[in-house]
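Take a look at the structure set out below.
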Amino acid sequence: MRIGLAGVGRIGAFHAKTLAALDFVDELVVTDADPGAAKSVADELGAEVAPDAEALLASGADGFVITTATPAHAPLLRQGIAAGVPTFCEKPVAATLQETIELTGLVGSTGVPVHVGFQRRFDAGYRRARAAVESGELGLLHTIRANTHDQAPPHASYIPTSGGIFRDCNVHDFDILRFVTGREVASVYATGANKGADFFAAAGDVDTAGALLTLDDRTIVLVSATRYNGGGHDVRMEVHGEKGTIAVGLDHSLAMRSAEEGVDFPRGARKWSFMERFRPAYQAELTAFAQVARGERTSPCTVRDALEAFRVAEACELSRAERRPVALSEIEGI
Ligand SMILES: NC(=O)c1ccc[n+]([C@@H]2O[C@H](COP(=O)([O-])OP(=O)(O)OC[C@H]3O[C@@H](n4cnc5c(N)ncnc54)[C@H](O)[C@@H]3O)[C@@H](O)[C@H]2O)c1
């Protein structure tokens with residue numbers, strides 16, 4: 001297959017490398033607003049460079065992968081759809097709720113396959129947790145804890161266009177929560193704090209956040225995020241039920257240590273980034289995208305799914321700004 005990729009920053013360069021190593025990728029062509037960055041990634045991987053997305057799409061791509069900064073997602077997704085090329089788009093689909101709603105309608109009406117990059121859906125632990133909920137082995141669910149704790153902040157210029165910590169980080173927790181439980185979020189109550197670099201506050205963002213969610217079956221969900229988890233990259237979910245609890249991410253690479261004497265868990269090397277934490281999931285996700293592009297399966301994470309996760313993030317930002325609980329029914333949807 002010939003795969004085109006736009007945006008070779010942190011995740012784009014990583015996805016390009018993953019794609020180049022996959023059997024089904026015969027040709028890889030990359031583009032970036034910074035031509036030097038595109039050339040350097042292409043040279044490293046033996047890929048081609050296109051001057052822009054239009055040329056890339058016109059060069060016979062069988063699949064289009066969007067990994068640019070967030071503001072370019074929506075226009076590039078429109079370009080991919082107009083060219084009729086199956087498209088993988090990193091989260092979020094668009095920078096705003098309105099654009100996400102419009103794109104959900106557009107994708108529905110054109111039928112061009114679109115797969116959104118919520119890689120936790122391909123992580124073995126989250127899939128086991130989903131199976132445990134589905135089989136009923138946990139019994140009645142009462143409480144879930146979910147966290148996305150980055151070891152260190154991204155570069156300062158990333159923050160003003162990131163959409164804020166709920167749309168950028170916890171949106172992964174919101175998506176996987178829907179995937180694991182099969183439920184929708186009914187209401188949120190969120191807060192945030194700035195205790196680190198000034199550039200978060202300057203962008204109207206926070207570096208640490210917490211949210212209390214209630215699902216439509218009254219399960220309570222405690223969600224947290226931070227850009228300052230010095231002990232390592234820590235992404236986990238605990239699903240507590242009447243008959244048992246299952247924990248995702250509770251392994252020997254856990255980014256914490258016990259205060260209890262004689263406890264030597266965890267014993268393994270820490271993980272420091274989302275790339276380390278989710279490498280196999282990213283590989284599985286991009287392999288699934290190839291199957292989507294070949295028409296062998298439907299999208300495992302649709303624009304509609306992305307819209308629902310984005311609505312929860314939107315509700316959290318509103319709740320944080322107005323310091324009040326927000327019902328999801330207050331947030332526009334489809
Ligand atoms: N799924 C995940 O785990 C995950 C992880 C990190 C980032 N992301 C998402 O991926 C996207 C990129 O994040 P990043 O950390 O790699 O950002 P980044 O700032 O490191 O890289 C963005 C790249 O996009 C390029 N770019 C910007 N506008 C462009 C345009 N119009 N055309 C072509 N190239 C353009 C920039 O030059 C840069 O190279 C963000 O939307 C982010 O939300 C997802």
Side-chain angles (χ1 to χ4, degrees), residues 4-18 29-42 49-57 64-80 87-96 99-100 103 115-123 126 148-176 179 199 203 205 225 227 233 235 271-286 288-289 300-301 305-306 309-310 313:
L5 178 144
V8 292
R10 284 188 311 164
I11 195 80
F14 181 76
H15 279 347
K17 205 168 187 172
T18 302
V29 48
V30 301
T31 190
D32 195 286
D34 173 356
K39 183 175 179 327
S40 129
V41 168
V49 177
D52 53 34
E54 199 179 338
L56 180 148
L57 288 163
F64 181 36
V65 174
I66 301 170
T67 49
T68 61
T70 295
H73 289 192
L76 288 172
L77 186 49
R78 286 182 194 280
Q79 272 183 265
T87 299
F88 174 93
C89 183
E90 257 310 336
K91 47 60 60 177
V93 162
T96 66
E99 274 180 304
T100 311
L103 280 161
H115 174 177
V116 183
F118 283 109
Q119 81 282 358
R120 293 184 195 179
R121 289 176 176 236
F122 292 89
D123 176 80
Y126 282 107
T148 298
H149 293 180
D150 282 341
Q151 191 258 339
H155 51 90
S157 63
Y158 179 89
I159 294 303
T161 61
S162 70
I165 201 161
F166 291 113
R167 296 187 191 92
D168 190 46
C169 295
N170 287 129
V171 74
H172 282 286
D173 299 293
F174 304 149
D175 176 68
I176 205 64
F179 180 78
F199 61 76
D205 197 3
R227 305 283 193 177
H233 185 71
V235 171
K271 290 179 179 143
W272 300 103
S273 67
F274 48 83
M275 283 91 145
E276 273 187 272
R277 168 72 172 82
F278 288 111
R279 189 181 302 273
Y282 288 125
Q283 285 166 344
E285 168 183 73
L286 292 171
F289 171 59
C301 186
D305 287 318
F310 199 90

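Whatever order the structure lists ligands and atoms in, that order sets their numbers, starting from 1. In this text, all values refer to a predicted model and were calculated from it rather than measured experimentally. Residues take their numbers from the sequence shown, with the count starting at 1.
- Counting heavy atoms under 4.0 Å from ligand 1, residue Phe278 does not touch it at all.
- Nearest heavy-atom pair, Glu90 versus His15, reported as atom, atom and distance to 0.1 Å: OE2-NE2, 2.8 Å.
- Under 4.0 Å from ligand 1, the heavy atoms of His172 that appear belong solely to its side chain.
- Between atom 19 (O) of ligand 1 and the options His155, Arg120, Glu285, the minimum heavy-atom separation is to His155.
- Checked options Asp305, Asp175, Asp168; the residue passing with Lys91 is Asp168 (criterion: salt bridge (charged side-chain N to carboxylate O under 4.0 Å, His left out)).
- Less than 4.0 angstrom separates some heavy atom of Tyr282 from each of these atoms of ligand 1: 2 (C), 3 (O).
- Between Asn170 and Ala225, the closest heavy-atom pair is OD1-CB, 3.2 Å.
- Using 4.0 Å as the threshold, Gly117 has a heavy atom nearer than that to some atom of ligand 1.
- Protein heavy atom at the shortest distance from atom 20 (O) of ligand 1 is Arg10 N, 3.0 Å.
- The shortest heavy-atom distance from Phe14 to ligand 1 is not under 4.0 Å.
- With hydrogens left out, the protein atom closest to atom 9 (C) of ligand 1 is Lys91 O, 3.5 Å, a heavy atom.
- Checking Val8, Thr70, Thr67, Leu56 against atom 41 (O) of ligand 1, the nearest heavy atom belongs to Thr70.
- Between Pro92 and ligand 1, no pair of N/O atoms sits closer than 3.5 Å.
- Residue Glu276 qualifies as enclosed at atom CD: its count of foreign heavy atoms under 6.0 Å is above 12.
- Nearest heavy-atom pair across Tyr126 and Arg277 is CE1-NH2, 4.3 Å.
- Ring orientation note: the planes of Phe166 and Phe174 are close to parallel, at an angle under 30° on the 30°/60° scale.
- Nearest protein heavy-atom contact of atom 11 (C) of ligand 1 is Thr68 O, 3.1 Å.
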Test side-chain contact (heavy atoms from CB on, under 4.5 Å) on Val235 and Phe278 and set out the steps. CA-CA 10 Å; Val235 171; Phe278 288 111; 3.7 Å; yes
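- Across Thr31, Asp32, Ile11, Val235, heavy-atom proximity to atom 39 (O) of ligand 1 is greatest for Asp32.
- The part of Glu90 lying near ligand 1 is the side chain, judged by heavy-atom distances below 4.0 Å.
- Taking all heavy atoms of Ala72, Gly9, Ala69, Cys89 into account, the minimum distance to atom 24 (O) of ligand 1 is reached by Ala69.
- Counted by atom type alone, Thr148 and Asp173 present one or more donor-acceptor pairs between their side chains at under 3.5 Å.
- In terms of protein heavy-atom proximity, atom 34 (N) of ligand 1 is nearest to Ala33 N, 3.0 Å.
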